[in-house]
Amino acid sequence: MPKLVDAYARKIDYLRISVTDRCNLRCVYCMPPQGIDLAESKNILRYEEILRTARIACANGVTKIRITGGEPLVRRGIVDFLKSLSATPGLVDLSLTTNGVLLKEYAAALKSAGLRRVNVSLDSLNAERFKKITRGDNLTQVQGGIEEAQRAGLTPVKINMVAIKGFNDGEIVEFAMLSKTKPYHVRFIEYMPFDTTEGWQRDKCISAKELKAMIETVEPLEPVLTTAGNAGPAKRFRFKDAPGEVGFISPVSEHFCGSCNRLRLTADGKLRLCLFSDTEIDLRAPLRDGSSDEAVANVILRAAFEKPEKHLINENFFKKCSRTMSLIGG
Ligand code: SAM
Ligand code: SF4
């Protein structure tokens, strides 16, 4: 019987776990060029602590876990960790979000370890623009990683593109068209307000509605019917007879808080109740002070119960989150 339910009767069955705050890229919307102040390594949860948290969360209703970061593939021992994690009783769906730089070499091992699927973040198909956005020169590696993930069966491979006005908006149609020749799920994500050096401005955010209209100037999209089991925050479409899909995730223009089913665990052991709220509940102390599984479960249950009803990013008084996405585990 699932127990993780919040005060608004939302069932919480999805845990996003950041395994590191480190990253091998420096995307302009996520980090300053010099990187961020990293947590001391003693404050980063050990794999055993994450596995225990996952076991307790799954015993209380979590069925889906996504591993993220920073860049999860830079943490040593990630494959063995995923192998142990995938054996967690009650866990049905294990996925990972990556920038794709190391994916080519890891894809087959990740699949063997029990990972089901990957989301690869890619914001430009143009080498120069890719460099500008990520401050890295790795486009070919990322593209190779996507192909290898598809070959390894980490499917559907989702390609997440953050669309930013005046930056990569000229590539939106080209990205969507990837779904016509490959079975990729290309997902456009609205640019979100986090406190980074480049700074977020509302007018740089392109709404899902505008994105869809831009694509449909070239070719119409038809809706993909979802069942309760595969419904997520993305609004899903496809071009007629295309092997892949096109999706839109609109946290800014049209929030989906009413159906939010997730909690986040940061790499330094805080339960984050909402992506856009700085309210966090510490799990690292109970994991380390000899607390029983029941006591740890109670902290997770309290975190779920205290989830805010909705985010406030469209309110005038909204303050940008103090942690960057790389620290929260986007
Ligand atoms: N390093 C991995 C990656 O890039 O996929 C995983 C962590 S990264 C923080 C997770 C996702 O957050 C990426 O898809 C990235 O594009 C997204 N992200 C980071 N900052 C963002 C922002 N300000 N707005 C929208 N998405 C953002
Ligand atoms: Fe690294 Fe991902 Fe942030 Fe880019 S978005 S800097 S790849 S954590």
Side-chain angles (χ1 to χ4, degrees), residues 16-36 38-39 66-75 78 95-103 106 110 115 117-124 130-139 141-142 145-146 149 154 157-165 167-169 175 185-202 204-208 211 232-234 247-253 255 262 264-267 272 275-276 311 313 318 320-330:
R16 273 200 188 191
I17 302 176
S18 170
V19 292
T20 182
D21 54 359
R22 289 168 192 272
C23 189
N24 46 2
L25 292 180
R26 296 281 178 273
C27 303
V28 292
Y29 50 67
C30 182
M31 283 202 198
Q34 71 280 16
I36 44 155
L38 299 172
R66 170 173 296 281
I67 298 301
T68 179
E71 172 50 37
L73 298 185
V74 301
R75 182 157 175 185
I78 187 76
S95 58
L96 175 138
T97 299
T98 172
N99 61 29
V101 172
L102 298 172
L103 187 56
Y106 273 94
L110 293 172
L115 190 74
R117 2 181 226 105
V118 284
N119 284 14
V120 185
S121 308
L122 177 61
D123 304 322
S124 178
F130 179 94
K131 255 193 224 175
K132 264 195 188 153
I133 296 177
T134 63
R135 303 189 179 103
D137 192 6
N138 309 85
L139 176 61
Q141 277 163 281
V142 177
I146 291 172
L154 291 166
V157 176
K158 294 184 182 169
I159 300 176
N160 288 352
M161 191 249 204
V162 178
I164 304 176
K165 205 167 276 174
F167 205 16
N168 58 359
D169 46 350
F175 263 88
H185 289 199
V186 178
R187 298 167 2 137
F188 296 95
I189 300 177
E190 291 176 354
Y191 182 27
M192 296 182 258
F194 292 91
D195 208 5
T196 60
T197 39
E198 296 289 318
W200 177 85
Q201 287 162 351
R202 188 166 295 273
K204 284 193 186 166
C205 173
I206 315 175
S207 72
L211 289 162
F248 303 93
I249 302 183
S250 55
V252 181
S253 68
H255 71 70
R262 63 194 63 176
R264 290 183 159 79
L265 178 66
T266 65
R272 177 117 182 160
L275 179 58
F276 297 108
H311 71 60
I313 59 180
F318 174 72
K320 281 191 271 182
C321 302
S322 58
R323 285 193 191 240
T324 64
M325 273 288 245
S326 72
L327 284 174
I328 299 167

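No hydrogens, no waters, no symmetry mates; every other heavy atom, side chains included, goes into these values. As the structure lists them, so they are numbered: ligands from 1, and atoms in each ligand from 1. Worth saying up front: this structure is predicted, and the values here are computed from it rather than measured.
- Atoms of ligand 1 lying under 4.0 Å from any heavy atom of Glu190, numbered from 1 in the order shown and given with element: 25 (C).
- Between Ser18, Cys27, Ser121, Gly70, it is Gly70 that holds the heavy atom closest to atom 6 (C) of ligand 1.
- Applying the 4.0 Å criterion to heavy atoms of Cys27 picks out, from ligand 2, the atoms 4 (Fe), 5 (S), 6 (S), 7 (S).
- No side-chain donor-acceptor contact under 3.5 Å links Ser207 and Glu190.
- Distance check for Cys30 against atom 4 (Fe) of ligand 2: none of its N/O/S atoms falls below 2.8 Å.
- Under a 3.5 Å cut-off, the side chain of Arg135 and the backbone N or O of Arg26 do form a donor-acceptor pair.
- Among the atoms of Cys23, an N, O or S atom is found under 2.8 Å from atom 1 (Fe) of ligand 2.
- Proximity of a side-chain donor or acceptor of Glu71 to a complementary backbone N or O of Leu25 within less than 3.5 Å is not detected.
- Considering backbone and side-chain N/O atoms, Thr98 comes within less than 3.5 Å of an N/O atom of ligand 1.
- Counting only distance, with no hydrogens or angles, the side chain of Arg187 and the backbone of Asn119 share no donor-acceptor pair below 3.5 Å.
- The distance from ligand 2 to the heavy atoms of Asn99 drops below 4.0 Å at these ligand atoms: 7 (S).
- The backbone N or O of Thr20 lies less than 3.5 Å from no partner atom in the side chain of Arg75, so there is not a single donor-acceptor pair.
- The closest non-hydrogen atom to atom 25 (C) of ligand 1, taken over Met31, Lys158, Met192, comes from Met192.
- Near Glu71, the atoms of ligand 1 lying under 4.0 angstrom from a non-hydrogen atom of the residue are 1 (N), 2 (C).
- The shortest N/O to N/O separation between Asp123 and ligand 1 does not fall below 3.5 Å.
- With a 4.0 Å cut-off on non-hydrogen atoms, Val162 touches ligand 1 through its side chain and not its backbone.
- Heavy-atom proximity to Thr68, at under 4.0 Å, picks out these atoms of ligand 1: 6 (C), 7 (C).
- In this structure, CG on Asn138 lies 11.0 Å from CG on Leu122, to the nearest 0.5 angstrom.
- Close contacts of ligand 1 with Gly69, meaning ligand atoms under 4.0 Å from a residue heavy atom, involve 7 (C), 9 (C).
- Ring pair Phe175/Phe188 is perpendicular by interplanar angle, where above 60° counts as perpendicular and below 30° as parallel.
- For Asp21 (side chain) and Ala39 (main-chain N/O), a donor-acceptor pair under 3.5 Å exists by modelled atom type.
- Distance alone, capped at 3.5 Å, is enough to place a donor-acceptor pair between the Asn168 side chain and the Asp123 backbone.
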